[in-house]
Amino acid sequence: MANRLAGETSPYLLQHKDNPVDWHPWGEEALARARAEDKPLLVSIGYSACHWCHVMEHESFEDAETAAVMNENFVPIKVDREERPDVDSIYMGAVQAMTGHGGWPLNVFTDPDGVPFYGGTYFPPEPRHGMPSFRQVLEGVAEAWRTRRDEIRTSAPRTVEGLSAVSLVGASEEELSARVIDAAEDALANQFDPNFGGFGGAPKFPPASALEFLMGRMAAPGEDEARAAKAAEIVTTTLDRMAKGGIYDQVGGGFARYAVDTHWLVPHFEKMLYDNALLARAYLHGWQLTGEDRFRRVCEETLDWALREMRGPEGGFYSALDADSEGEEGRFYVWTEGELREVLGADAPALLAHWGLDRGPNFEGRSILHVAGGEIDPDLLARARRILYEVRARRVWPALDDKRLTAWNALMVAALADAGAALGRPEYLEAATRCARFVLDQMTDADGRLLRTYKDGRASLNAYLEDHAFLLEALLALYEATFETRWFTAARALADTMVERFGSPDGGFFDTSSDHEELIVRPRSFEDHPIPSGNSSAAFGLERLAAFTGEQEYERHADETFRILQQPAARHPQAFGHLLQAMRFHFGPRREVALVGDPLDELARVVRARFHPTTVVAGMRPADEVAQAAVPLLRGREPVEDRPAAYVCQNFACRMPVTEPAELEHELSG
């Protein structure tokens with residue numbers, strides 16, 4: 001018999017609908033029941049592609065005796081962290097404060113008002129490795145509630161005060177300084193792993209935002225050639241090592257979420273949409289800066305994977321592919337030597353050496369493909385990959401989380417728009433356009449307000465700051481890739497809504513809107529890990545919008561965010577890579593490029609050929625009054641002697657227009 005999750009759309013919640021646990025979705029019904037019965041809440045948080053979430057479900061939540069203890073003593077709530085990042089943020093912060101660490105599955109015990117008093121992550125079904133069993137935890141917490149209830153309730157205000165502290169941080173009076181950029185680069189250089197790329201030791205997460213920040217130094221070294229050279233070493237080493245590792249799907253393209261080792265070999269096998277959008281863009285920009293075709297290839301293979309395996313019929317993108325299939329983590333992706341020899345035939349010896357599989361299994365009796373050998377005939381490799389993909393496709397596929405999240409779709413729009421424009425791939429631009437149209441048309445409510453999630457033809461849940469901010473950045477990228485005014489107009493309207501509904505009077509932005517449901521605290525997130533924070537993205541989008549419009553109010557909101565975070569960003573740059581990109585844009589040198597004429601292809605190609613992280617570009621046909629009204633950067637711009645012209649400005653001081661692509665290239669390189 002299904003529990004109360006049967007009516008939900010989240011794939012993660014639906015995975016638990018047949019548990020004997022009387023799960024509730026997060027909401028007032030569960031909270032009201034807890035208050036009426038004076039029972040604590042057990043808030044269990046995870047996501048559909050989480051391996052250890054599946055393990056704990058099988059071991060504990062499917063067990064009738066464990067479920068009986070849960071149902072008798074608690075009001076159990078199951079939360080999809082991807083649908084409800086606000087709830088996840090609050091309780092993750094609480095567990096980290098209590099235990100010093102966090103992760104998923106996240107299991108938190110709260111009073112009937114939702115104030116946490118105990119929590120942890122994964123609990124085994126039997127005591128092991130110094131951990132109590134989940135049943136012991138349940139019984140211990142139930143006993144504490146029976147015997148120490150007054151003490152728990154008395155401590156609740158202090159707990160809420162502690163959780164609220166991060167939301168009360170205000171902008172510093174300290175002046176913004178470009179020194180934060182140098183300090184952050186130096187810190188990343190000190191943390192860099194010169195042997196395998198990335199930063200620090202295992203586990204290793206792909207550091208897309210930090211790499212993008214360092215690419216800003218590569219794009220404009222200025223007088224600091226030494227820092228530019230170090231940035232290039234970090235970026236190219238890391239991009240190369242990740243692309244050669246098992247974290248990259250050598251057969252089908254796309255990246256797993258992270259590696260459990262220092263050298264990117266053994267991944268945690270789930271594939272998340274957000275990682276692949278961010279990494280596709282990083283490899284694209286790496287190619288633009290270095291000209292290395294291998295980076296372009298990884299970008300295209302990653303985007304092609306997303307278009308092939310992750311796109312819904314309406315043009316939106318699914319959230320994730322699971323790590324598990326047939327009850328085993330990674331089973332879909334790994335091979336035995338016998339399987340490979342059988343399907344590859346006479347080519348097997350060369351390919352096994354290339355993939356490092358002539359040295360024996362490297363993962364639980366099977367092998368993860370990774371690039372271990374030197375050069376190999378590209379036609380042979382392409383043919384082998386096609387064969388293996390066809391063979392693999394006949395296996396049992398990992399489960400698909402087919403909900404569409406606004407924020408993650410926005411990341412993919414930006415990646416596709418950038419790549420489509422830079423690589424001359426119209427199918428990428430078409431996919432970006434279709435996805436943006438889907439989000440704006442179908443992921444809004446009757447009043448035109450943005451919603452968070454979409455599944456089975458229904459959009460639901462209030463959108464968060466990250467949904468608005470990521471979409472703002474994506475729409476500006478799509479505008480620059482197409483020069484279609486509608487995307488700029490939509491971006492500006494979204495920015496105004498974001499400032500109005502999410503802005504904090506103390507600077508920066510809250511994660512939730514002013515009309516969101518009331519939680520025990522109003523969360524505010526700052527760290528760019530594993531994806532940009534809503535605050536970093538909002539600041540970057542507003543900085544770019546200010547460059548298009550000249551509206552200093554947009555820049556003021558971004559500056560307040562910088563003043564809150566510039567000191568921690570300098571000390572811990574891995575956690576603030578996207579914010580640091582926004583700060584580099586702020587300090588410049590910033591360029592505004594206006595293209596006018598018909599056709600604009602040759603001039604636009606010059607701007608798009610290289611990575612220009614502190615440049616914005618607008619374009620229009622002659623006398624386009626709609627574009628001039630919408631995009632202030634275009635006002636007063638005209639062709640020169642009936643020829644398409646480029647106006648290059650730096651911090652709104654404009655030079656004489658140029659008409660030749662070579663002249664524009666010179667202007668942009670100066």
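Residue numbers run from 1 in the order of the sequence given.
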Problem set entry | Donor + acceptor pair across side chains of Q442, E314 (<3.5 Å) | no
Exercise. Which value, rounded to the nearest 0.5 Å, describes the distance between E212 atom CD and L284 atom CG?
Worked result: 8.5 Å
Seminar exercise, completed: Sorted by chain and residue number, the ring pair (Phe, Tyr, Trp, His ring centres under 6.0 Å) partners of F363 (sequence neighbours excluded) come out as F269
For this session: Using the six-membered ring wherever Trp is involved, compare the ring planes of F332 and W397 and label them parallel, tilted or perpendicular (cut-offs 30° and 60°).
Result: tilted
For this session: Any chance you could measure L279, atom CG, to L211, atom CG, to the nearest 0.5 Å?
Result: 8.0 Å
Exercise. With distance as the sole test, does D193 use its side chain to make a donor-acceptor pair with the main-chain N or O of F199 at under 3.5 Å?
Worked result: no
For this session: Supply the atom-to-atom distance K244 NZ to F196 CZ, rounded to the nearest 0.5 angstrom.
Result: 12.0 Å
Problem set entry | NZ/NE/NH1/NH2 to OD/OE distance under 4.0 Å, D186 and K230 | no
Problem set entry | Ion pair R425/D304, N-O distance below 4.0 Å | yes
Seminar exercise, completed: The reported gap from NZ in K271 to CH2 in W305 (rounded to nearest 0.5 angstrom) is 5.5 Å
Exercise. Does K78 come within less than 4.0 Å of E57, counting only side-chain N to carboxylate O?
Worked result: no
For this session: Considering only NZ, NE, NH1 and NH2 on the basic side and carboxylate oxygens on the acidic side, decide whether K455 and E83 come within less than 4.0 Å.
Result: no
Exercise. Does any donor atom in the side chain of D528 or S209 lie under 3.5 Å from an acceptor atom in the other side chain?
Worked result: no
Seminar exercise, completed: Residues at least two apart in sequence or cross-chain that pass side-chain contact (heavy atoms from CB on, under 4.5 Å) with T302, listed by chain then number, are Y248, F255, N276, A280, V298
Problem set entry | Rounded distance [0.5 Å steps], CH2 in W408 versus CE in M272 | 4.0 Å
Exercise. In terms of side-chain geometry, is the basic nitrogen of R605 or E602 positioned less than 4.0 Å from the acidic oxygen of its partner?
Worked result: no
Exercise. Under a 4.5 Å cut-off applied to non-hydrogen side-chain atoms, are Y12 and E82 in contact?
Worked result: no
Exercise. In Å and rounded to the nearest 0.5 Å, what is the OG1 to CD1 distance from T238 to I234?
Worked result: 7.0 Å
